Amino acid sequence: MITATWTVTDGWAAPELKPFGPISLMPTASCLQYATECFEGLKLYRGYDGKLRLFRPELNCRRFQKSAERIALPAFSESELLKLLTVLAATDGPRWLPKSAPGTFLYVRPTMIATDPSIGVQRPKEAMLMLFFNLMPAFYANPDGLKLLASEEHTVRAWPGGYGNVKLGANYGPSLKSQGEAKARGFSQILWLLPRDGGRLDVTESGASNFFVVWRTKEGKTELVTAPLDGKLILEGVTRQSLLDLVRERLQDVEVIERVFDMQEIVEAVGEGRLAEAFTAGTAFFVSPVSEIEFHGKRLEMPMAKTGRAPYATMLRDWLSDIKYGKEEHHDWAYLVQEKD
Ligand SMILES: *Cc1c(COP(=O)(O)O)cnc(C)c1O
């Protein structure tokens with residue numbers, strides 16, 4: 001792993017590359033008491049052409065800055081963070097992702113915590129940056145599709161003006177109770193709704209992934225719809241942005257719409273047979289089609305529940321995967337990592 005420490009008086013010390021292992025903190029450490037923590041998640045891919053790649057890592061480095069800023073952690077240069085990612089990738093990549101195993105990946109978790117041991121509720125004066133890899137079992141989207149449970153009105157993930165738009169640990173701990181209950185009832189994830197005035201229930205995200213629908217409008221147009229980034233509700237997913245970019249570029253007959261939309265619109269579209277697909281997208285689980293959503297005790301079935309197919313989600317997943325694993329050569333979004341043989 002790579003670690004670097006910071007103090008308000010001396011700034012950042014030189015980062016160290018060392019074996020993965022425990023770190024030492026005082027019980028009063030700011031991150032333990034006040035959740036002063038932020039993180040990133042991206043992957044290192046072993047391509048079918050034998051090369052190692054990151055996917056748009058500069059976007060993760062920028063988002064990491066935004067997250068750190070929001071939770072009173074110090075800034076860490078985006079370009080320096082990218083250098084550290086590259087060093088760690090060049091060190092661990094050849095060992096854990098051998099050339100003989102193309103199509104595999106490692107998950108990278110840049111993390112920053114406030115280590116300040118003073119118990120006062122205040123802006124931390126000490127912090128630590130950590131970067132390490134994690135071997136995740138290869139994940140294959142359930143071929144039958146995800147089953148989502150719409151959240152109850154009394155539990156929200158994020159709220160206007162809050163911090164749902166940044167990757168803070170503080171967003172995830174409080175979601176685990178609902179997630180655990182959903183899992184115990186056979187659902188894959190929670191679909192997070194946000195109650196608004198007039199009883200509207202806006203659709204925001206699903207688990208730790210962005211959420212999309214493809215539907216036909218009453219006028220017969222095909223739209224790809226996802227929640228907009230304003231209001232600090234929605235995490236600005238790298239996968240989200242990439243899918244929107246790809247559809248705008250490659251699918252002329254699908255209009256990309258970033259707007260507030262609510263559960264009633266989904267219920268109506270399903271009822272009128274206009275809903276083509278729903279899917280979730282994020283680094284951890286790629287693009288995963290949804291087969292049903294349980295809302296207010298009723299099951300809303302997506303066409304996939306009958307047909308077993310989700311052509312848009314499948315096509316988008318393949319496009320991304322071709323870029324990440326180098327089947328599509330020289331794409332701007334693929335960031336090549338030079339290995340030390
Ligand atoms: C990380 C995350 C995403 C997906 O972001 P990617 O950059 O695509 O991995 C979406 N929503 C939430 C809440 C997340 O934490």
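This is a predicted model, so every value here is computed, not measured. As a basis for the values below, the full set of heavy atoms in this structure was taken, side chains included, without hydrogen atoms, waters or symmetry mates. For ligands, and for the atoms within them, numbers begin at 1 and follow the listed sequence.
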Colleague: Just to confirm my output: which protein heavy-atom neighbour is closest to atom 3 (C) of ligand 1, and how far is it?
Modeller: A208 O, 3.2 Å
Colleague: Looking at atom 12 (C) of ligand 1, what's its closest protein heavy atom, distance included?
Modeller: E205 OE1, 3.4 Å
Colleague: Hey, does the side chain of Y34 reach the backbone of I119 with a donor-acceptor pair shorter than 3.5 angstrom?
Modeller: yes
Colleague: Only heavy atoms of S209, strictly under 4.0 Å: list the atoms of ligand 1 that pass.
Modeller: 10 (C), 11 (N)
Colleague: Please verify whether a non-hydrogen atom of R157 lies at under 4.0 Å from ligand 1.
Modeller: yes
Colleague: Does any N or O of ligand 1 fall below 3.5 Å from an N or O anywhere on N60, backbone included?
Modeller: no
Colleague: Can you tell whether the side chains of R56 and D245 come within less than 4.0 Å, N to carboxylate O?
Modeller: yes
Colleague: Is it the case that the ring center of F133 lies less than 6.0 angstrom away from the ring center of W96?
Modeller: no
Colleague: Which residue supplies the protein heavy atom nearest to atom 5 (O) of ligand 1, what is that atom called, and how far is it?
Modeller: G237 CA, 3.4 Å
Colleague: Is there a nitrogen or oxygen of R240 sitting under 3.5 Å from a nitrogen or oxygen of ligand 1?
Modeller: no
Colleague: Would you please say whether a donor-acceptor pair under 3.5 Å links the side chains of S178 and T155?
Modeller: no
Colleague: Is any N or O atom of A284, backbone or side chain, closer than 3.5 Å to an N or O atom of ligand 1?
Modeller: no
Colleague: Any ion pair linking R216 and E272 (charged N to carboxylate O, less than 4.0 Å)?
Modeller: no
Colleague: Is the charged tip of K43 near the ring of Y107: under 6.0 Å from the six-membered ring centre and within 45° of its axis?
Modeller: no
Colleague: Of all the non-hydrogen atoms in the protein, which one sits nearest to atom 1 (C) of ligand 1, and at what distance?
Modeller: K167 NZ, 1.4 Å
Colleague: Please list the nearest protein heavy atom to atom 15 (O) of ligand 1 with its residue and the distance rounded to 0.1 Å.
Modeller: Y172 OH, 2.3 Å
Colleague: I'd like to check whether E236 has a polar contact with ligand 1, where a contact means an N/O of the residue lying under 3.5 Å from an N/O of the ligand.
Modeller: no
Colleague: Could you see which bit of L235 sits under 4.0 Å from ligand 1, with heavy atoms only: side chain, backbone, both or neither?
Modeller: side chain
Colleague: Does S209 form a side-chain hydrogen bond (donor to acceptor under 3.5 Å, both in side chains) with E205? I'd like the steps, not just the answer.
Modeller: CA-CA 6 Å; S209 299; E205 297 196 61; over 6 Å; no
Colleague: Examine distances only and state if a side-chain atom of T226 and a backbone atom of E258 form a donor-acceptor pair shorter than 3.5 Å.
Modeller: no
Colleague: Measuring centre to centre across the rings, with the benzene-like ring taken for any Trp, is F286 within less than 6.0 Å of F279?
Modeller: no
Colleague: Need the ligand 1 atom indices (1-based, order shown) with element for anything under 4.0 Å from a heavy-atom of N210.
Modeller: 10 (C)
Colleague: Considering only non-hydrogen protein atoms, determine which one is nearest to atom 9 (O) of ligand 1 and report residue, atom name and distance to 0.1 Å.
Modeller: T283 OG1, 2.6 Å
Colleague: In the protein, which heavy atom is nearest to atom 8 (O) of ligand 1, and how far is it?
Modeller: T239 OG1, 2.6 Å
Colleague: Before accepting this row, confirm whether a basic side-chain N of the pair K177/E181 lies closer than 4.0 Å to the acidic partner's carboxylate O.
Modeller: yes
Colleague: Using non-hydrogen atoms of the residue, decide whether R63 is closer than 4.0 angstrom to ligand 1.
Modeller: yes
